[in-house]
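The model shown is predicted, which means the values in this text are computed figures rather than measured ones. The residues of the chain are indexed from 1 along the displayed sequence.
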Amino acid sequence: MAGNALTDRFSRPLHDLRISVMDRCNFRCPYCMPEATYHEHFRFLEPKERLSFDEIERVARVAVSLGVRKLRLTGGEPLLRPKLPDLIARLASIEGVEDVALTTNGVLLERHVRELKAAGLNRVTVSLDSLDPAAFARMSGGRAQLEPVLEAIDSAAKAGFSGGVKLNTVIQRGLNDSGVEALAERFRHSGVVLRFIEYMDVGTRNHWERAEVVPSRELLERLDSRWPLEPVDAHYRGEVAQRYRYCDGGGEVGFISSVTAPFCGDCSRARLSSEGQIYTCLFASEGTDLRTLLRSDEDDTALRALLAGVWRQRTDRYSEERAASADAPARRRIEMNYIGG
């Protein structure tokens, strides 16, 4: 089978499918869904415009037949989607799926932890950008309080997900970069893996500037000076985080460096948007419509051919191109709330 693996034009296999189940979010993070754009009159998708659970499961099954082994549910905020554990149970039962994960802002997590685990969820990733209540409120667009999210993280850690709990922290210079050490100290020896993410130019509405990026190397040096770190080998080809562990046994920390150290060369991820577009890059300008086919009389053979064709033609390497040319012209990109992170 290995010789027949589906690969793109740069020989990258299709291994991961990220599924956005909801374009709405209860946060207004300035780097993703700023309040000025996503205001109370912003038009989100109507329920009938989003893929149904049947349609999502169908795409997932076909994707697994093409080599996908890991599924991640994202948003917007995925826990805003009613009956999400039902979808997780359906996805976890697909033969060949090795891992089903969820990315959430954590506000609704605690009330759903038990049923998510019972449904077959393997891993949880919570977005947490600061331990300072004022900074946290500012970075959530004034939509949330810190303590309930911390309590949800603790509950998830105690629930015993087989793949554990991770935290994603987007670091933006002048906004939350002073709180890096506090985050590291809070989650050392907790079993929760903290991952620092360079501020990226996702979508077109966050007014991204390179000067606001804090390079992972800078953060690594700061943490290493206080708690010595040593590198850890990647779990698999295409793992996005550079992993380190504390030499004193305090656990692990990771760095996702899409801006300063792009990893396009090993990217194995496709993204399914809330309304049924398939994207082959987080920074893609256009997707391919699957919803029309899913709601037609076409069978899975046609869906499989469409998905395979999209992946075989894939040449995406946006982050490498951005790194190679600081003067590269800006281009339209899909907004992050439609395809997740």
Side-chain angles (χ1 to χ4, degrees), residues 4-8 12-24 44-103 116 119-123 238 267-282 284 286-314 316 334-341:
N4 297 320
L6 177 66
T7 57
D8 67 9
R12 296 170 295 190
L14 175 60
H15 187 262
D16 305 73
L17 179 63
R18 301 194 169 189
I19 303 168
S20 175
V21 298
M22 174 61 72
D23 57 314
R24 296 175 182 265
F44 290 98
L45 298 173
E46 296 294 331
K48 65 182 179 181
E49 295 177 289
R50 301 187 195 105
L51 293 188
S52 68
F53 285 0
D54 286 343
E55 291 166 338
I56 291 172
E57 181 184 2
R58 185 180 172 192
V59 174
R61 286 187 180 277
V62 171
V64 169
S65 77
L66 293 171
V68 164
R69 294 295 174 263
K70 299 173 67 176
L71 303 173
R72 176 175 290 278
L73 301 183
T74 68
E77 171 48 49
L79 290 176
L80 290 176
R81 183 75 182 254
K83 299 183 179 180
L84 188 65
D86 293 350
L87 175 61
I88 289 170
R90 293 166 69 163
L91 298 178
S93 70
I94 298 174
E95 184 175 357
V97 170
E98 298 172 358
D99 185 68
V100 180
L102 173 76
T103 298
L116 290 170
L121 188 69
N122 300 112
R123 291 185 294 137
C267 179
S268 59
R269 291 170 294 285
R271 291 172 166 83
L272 181 65
S273 73
S274 311
E275 77 276 36
Q277 296 272 327
I278 194 78
Y279 292 88
T280 54
C281 180
L282 177 61
E286 297 179 353
T288 299
D289 176 29
L290 302 186
R291 189 178 64 188
T292 298
L293 186 152
L294 291 167
R295 297 180 180 181
S296 72
D297 294 329
E298 297 281 4
D299 61 14
D300 285 355
T301 300
L303 178 59
R304 192 175 193 275
L306 179 57
L307 278 174
V310 167
W311 192 262
R312 288 194 182 101
Q313 295 301 312
R314 178 186 188 233
D316 302 289
I334 184 64
E335 301 303 327
M336 195 171 179
N337 63 300
Y338 287 104
I339 59 170

By salt bridge (charged side-chain N to carboxylate O under 4.0 Å, His left out) - contacts of [X] (at least two apart):
X	value
Arg58	Asp300
Glu298	none
Asp289	none
Arg312	none

### Task
Could you walk me through whether Glu275 and Arg291 pass the side-chain contact (heavy atoms from CB on, under 4.5 Å) test, one step at a time?
CA-CA 7 Å; Glu275 77 276 36; Arg291 189 178 64 188; 3.8 Å; yes
Any [X] side-chain heavy atom under 4.5 Å of [Y] side chain:
X	Y	answer
Arg269	Leu17	no
Val97	Ile94	yes
Leu84	Leu87	yes
His15	Val68	no
Ser274	Met22	no
Leu272	Leu51	yes
Leu79	Leu116	yes
Trp311	Thr280	yes

Supply the atom-to-atom distance [X] [atom1] to [Y] [atom2], rounded to the nearest 0.5 angstrom.
X	Y	atom1	atom2	result
Leu303	Ile278	CG	CD1	9.0 Å
Asp316	Tyr279	CG	OH	12.0 Å
Arg271	Gln277	CZ	CD	15.0 Å

### Query
What pairs meet the salt bridge (charged side-chain N to carboxylate O under 4.0 Å, His left out) rule with one or both residues in residues 86-102, with sequence neighbours excluded?
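Salt bridge (charged side-chain N to carboxylate O under 4.0 Å, His left out) check on residues 86-102 returns Asp54-Arg90, Glu57-Arg90, Asp99-Arg123.
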Is the side chain of [X] donor-acceptor paired with the backbone N or O of [Y] at a distance under 3.5 Å, no angle test?
X	Y	value
Gln313	Val310	no
Glu46	Lys48	no
Arg61	Leu91	no

### side-chain hydrogen bond (donor to acceptor under 3.5 Å, both in side chains) partners of Asp8, counting only residues at least two apart
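Testing Asp8 for side-chain hydrogen bond (donor to acceptor under 3.5 Å, both in side chains), a comparison that skips the adjacent residues, returns Arg12, Arg314.
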#### Entry: Sequence-distant partners of Arg81, side-chain hydrogen bond (donor to acceptor under 3.5 Å, both in side chains), two or more places apart
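Not a single residue meets the side-chain hydrogen bond (donor to acceptor under 3.5 Å, both in side chains) criterion with Arg81.
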### Ion pair check, Arg50 and Asp23, cut-off under 4.0 Å
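Here Arg50 pairs with Asp23 in a salt bridge, since their nearest N and O are under 4.0 Å apart.
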### Task
Decide yes or no on side-chain contact (heavy atoms from CB on, under 4.5 Å) for Leu290 and Leu307, but give the supporting numbers first.
CA-CA 9 Å; Leu290 302 186; Leu307 278 174; 4.0 Å; yes
### Task
Can you sort out the partners of Asp297 under side chain to side chain contact (heavy atoms under 4.5 Å, CB included), two or more places apart, ordered by chain and number?
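In terms of side chain to side chain contact (heavy atoms under 4.5 Å, CB included), with neighbours along the sequence ignored, Asp297 is linked to no residue.
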### Query
When Leu102 is tested against each of Thr74, Leu121, Asn122 for side-chain contact (heavy atoms from CB on, under 4.5 Å), which residue passes?
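Testing each of Thr74, Leu121, Asn122 against Leu102, the sole residue satisfying side-chain contact (heavy atoms from CB on, under 4.5 Å) is Leu121.
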### Query
Strictly by modelled atom types, are Arg72 and Thr103 linked by a side-chain donor-acceptor pair under 3.5 Å?
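Yes, Thr103 and Arg72 have a side-chain donor paired with an acceptor closer than 3.5 Å.
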